[in-house]
Amino acid sequence: MIRTITLTLFVFILYVATGLETLVGGRMDISDAFYIATVGLDKEDDEIQMTIVTKQYSPKEETSQIAKQDKYFVSVGRDVFEAARNFNSFMDKETFWGHVSYILVSENLAQKDIDSALDFFVRDHEHKLTSNVLVIKDARAEEAIKLVTDSGEDITTKLKVLSKGVGALSISSELPLIDAFNKINNKYCSCYIPTLKIVEDQKDEPEEETKEASNTENEKTDEKTKRLVLEGYVFFDQDDAKLLCSIEGGTARGFNFIINKIKSGVIVVKDPDGEYVNLEIIDSKTEIIPKIEDDKITVKLKTKMNSNISEIHGEVDIFKADIIEGLVNQQNDIIKAEMQSVIGLVKEYNSDLFDLSSVINHKYPKKWDKIKDNWREVFKDIKFEIEVESKINRTYSIKKPALSREKEKK
Amino acid sequence: MLKYIMIIGAISIYEIYMMVKKRQMKDFNAFLIFVLIALLASYIHVHDPFDASLSELLLKLVKSEYFKGG
Amino acid sequence: MFRNKGKISVRQVMIILIITVYTPSIRFIARATSYSAKQASWLSPIIAFGVYVIMLFILNRFYKKYKNKNFSEVILDNTPKLIGKTIIVIYIISITLLLVLYIRYFGERFVTALYPNVDINIFIISILLIVAFMIRSGIVVIARMSELMFIIMTIIFVSLMFIMVPNVQLENVTPISTLDIIPVFKGSIVTIALSYLPFYFFFSHEWSQNDKFLKHGIMAGLYILIIEVLIIFVSVGLMGSTVISRSPLSFFIAVKNINLLGEISGFESILVSTWILTDFVILIVYTYSALNMIKSLFNLGDFKPFINIYIFITYLLTWIIAKNVFELQDWGAQFAVYMNINVLIVIPVIIFMIGKVRKVV
């Protein structure tokens, strides 16, 4: 009995000792939360502007039309954390950051401050480290979010679709937050981040008669002529994480060839008549082979690639050894040129864009230990050599082109 | 400080009562040492007489990354 | 069974050892080893295993020679009384400081990783109250509870590894060259500091006697070796040594990064649940060991009257030891590690050598 009384007293005193304050703070009711799915960061004078897109998961609301349209909110703060906290001053629900899937950083902000822009997302306990990071080129993050959200689409879903689809052309890729942070931390290699850009579609001038009729409609749909495209990369300097350069198109694919992020893609070559033959990239593997001789480093980029013929425009039966060989050579040259354009940038900025340091460290750990402190100096004198070995393996259901006629036997 | 003295007092009364009940009074002196240590610890915790934590006092003796300054 | 009534088996002691090494391992060994050994840090536990095996042979001699006696009696038997008592005081201070470190970390872990707005006292006071209750049931109950927790811990650990190992990027944990020998040795200091077995010798009079000490000891050592290598290998392999060496909860963030099938995440909550269980074991066993040291020092009839007051002192020390978590981390890395090596390795070896000279062991 006395033990029970003493213990009760003890627990009571301890409870009082905590000041009878709310014991567990930071709790959040599931229905009282806005689940942030995409975050956009812009630079606004000297401040950070944050745009968040929320998604509600309540099944009741999911069916209603209002809930389907994602909401976005804008807030400004001295830094990312302050901007994030400022949402609480006007939003009617609490923000939950554990579901952030995409972080969009405007190019303007990324110019100098990519490290501090991402720090909050890596450091804060609520975030997951698997969110993807993207840089918005030549536009504001808010603009990109507004563009998609105002058209009634969900930007997070849109970005997911774009990320999945990007493999078809292999001109960009996905980069989780933790990988971006790892690369920014690495003083021996440059950090790359995939880019999003807003593309304006070319519209044909309407006929005179229909012009007037569609005028009002055209105004309404004017916004829709712009669209988001996931293409290319931006690079950041390995020393101070300032924006170095950006690439897109063939160069971006050349970069993907080097870092082995090619999933698929289209290569267009010409048959002997000058008609187009489309090749579909099936797989590709690049080996980066460094060689150190007399303290001179040469690096060979050896790419092995396979493709299939997916479309033929001409009439020539191209399935002859010499013609195929010609196509393969063209294919090799195209890939080589794309990779060469990346090497051109590497040389121009004297920056290790594709983590060559790690390759040398793995192959020559002892030599790396000696050169790592002067890595940028050493890097200047590295000679690169590209070797492409590709194959055209097959075509699909139909072999010969439609207009290929059998020659009459005489 | 008062709440800690109250806790120490409550523990002491209970334990001494149990010691008397179980006829283990030979351990009383050792128990007293612990009560004194507890009082000292509560004093240090509340008033912070050294204006430093235990780790600060000890780490200043060794090569500490945190206390050597930025 | 009657033979060993009121005693725990050597197997149970080793299970307690595994649990008590597991919990600090997931907290900091990946960070601490990768700080010096970088990509080769996962080799560090191998050196610690070597040291552990040597210690095991020394402790085996004590175990065989001093049947039904604890380490305090071994110390007092081999040294003059005053020195012996001083050594026991050193042990009491070190185990108390270590206990305080673990109590504070227990709370800090929650407020760092999950509930930053919650008063840390909630976690600390509640765990201490449970420890104070539980310790009265005696070591047999604690050992049985540990066996159960060991099974839970193993199942969860294996499941996590099952998901994490395939995602390891080998370039993060290579290359290994002769250049890594010194860094690996430096990194191994923290893993050596986790050889907690001598602490449990302070209640070795409650161990049942059998001749399987070495066998169970080596098996436990191998188990710990595998766990530690995997923790470091997976953390560094997934996140890279730079990030891991900068994160206060290294393995935790590696687990947080798991994304099964692109959809399922949040595995860190499973890890936290084992963490609470295993932390509870470490707190209770350390308190039990410390109380046994106190009992030997003052020749007490029973340590039960000292449970509440001792736990209250540790609670106060939890706040006196460090003002913030940065001090606590520095205290752990710069002081506790070396203190551990001294009391867990150096002193037992010295006692053993004295015993050898006196031809007692």
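All of these numbers come straight from a predicted model, not from anything done at the bench.
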Worksheet, complete the sentence: Closest heavy-atom pair, C:Leu316 versus B:Ala41, reported as atoms and distance to 0.1 Å, is CD1-CB, 3.7 Å
Discussion item. Does any backbone or side-chain atom of B:Asn29 lie under 4.5 Å from a heavy atom of chain C? Answer side chain, backbone, both or neither.
Written reply: neither
Discussion item. Any heavy-atom pair between the side chains of B:Ile33 and C:Phe298 that's under 4.5 Å?
Written reply: yes
Item to complete: Inspect the surroundings of NZ in C:Lys85 and state if more than 12 heavy atoms from other residues, nucleotides or ligands are less than 6.0 Å away.
Response: yes
Worksheet item: How many angstroms lie between atom OG of B:Ser55 and atom CG of C:Leu97, to the nearest 0.5 angstrom?
Response: 10.0 Å
Fill in: Parallel, tilted or perpendicular: rings of C:Tyr315 and B:Tyr4 (30°, 60°)
tilted
Practice prompt. Could you check whether the rings of B:Phe31 and C:Phe306 sit parallel, tilted or perpendicular, using 30° and 60° as the cut-offs?
Written response: perpendicular
Fill in: Over 12 non-hydrogen atoms of neighbours within 6.0 angstrom of CZ in B:Phe34
yes
Worksheet item: What residues, two or more places apart in sequence or in another chain, satisfy ring-ring contact (aromatic ring centres under 6.0 Å, His included) together with C:Phe202?
Response: C:Phe71, C:Tyr91
Worksheet entry | Under 4.5 Å from any heavy atom of chain B - which part of C:Leu297 | neither
Worksheet item: Taking only residues two or more places apart in sequence, or in another chain, which ones meet B:Lys26 in a salt bridge (Lys or Arg N to Asp or Glu O under 4.0 Å)?
Response: none
Worksheet item: Roughly how far, to the nearest 0.5 Å, is CG of C:Asn308 from CE of B:Met18?
Response: 10.5 Å
Practice prompt. Hey, could you give me the OG/CZ distance between B:Ser42 and C:Phe312, rounded to the nearest 0.5 Å?
Written response: 5.5 Å
Response to the item:
CZ (C:Phe335) and CG (B:Leu54) are apart, to the nearest 0.5 Å, by 8.5 Å
Discussion item. On a heavy-atom basis, which atom in C:Ile309 and which in B:Ile8 lie closest, and how many Å separate them?
Written reply: CD1-CG2, 4.2 Å
Worksheet item: Given that the side chain runs from C-beta out, which part of B:Val46 has a heavy atom under 4.5 Å from chain C: side chain, backbone, both or neither?
Response: neither
Discussion item. Just checking B:Ile5: does its CD1 atom have more than 12 heavy atoms from other residues, nucleotides or ligands closer to it than 6.0 angstrom?
Written reply: yes
Worksheet item: Which residues, numbered in order, of residues 320-329 of chain C come under 4.5 angstrom of chain B by heavy-atom distance?
Response: C:Ile320, C:Ile321, C:Ala322, C:Lys323, C:Asn324, C:Phe326, C:Glu327
Worksheet item: Is there any side chain to side chain donor-acceptor pair (under 3.5 Å) pair reaching into residues 94-106 of chain C, and which pairs are they, with sequence neighbours excluded?
Response: C:Thr96-C:Tyr310, C:Tyr102-C:Tyr196, C:Arg104-C:Glu108
Worksheet, complete the sentence: Cut-off 4.5 Å, heavy atoms of chain B, and the answer for C:Asp302 is both
Worksheet entry | Spacing of C:Lys304 atom NZ and B:Glu15 atom CD [to the nearest 0.5 Å] | 11.5 Å
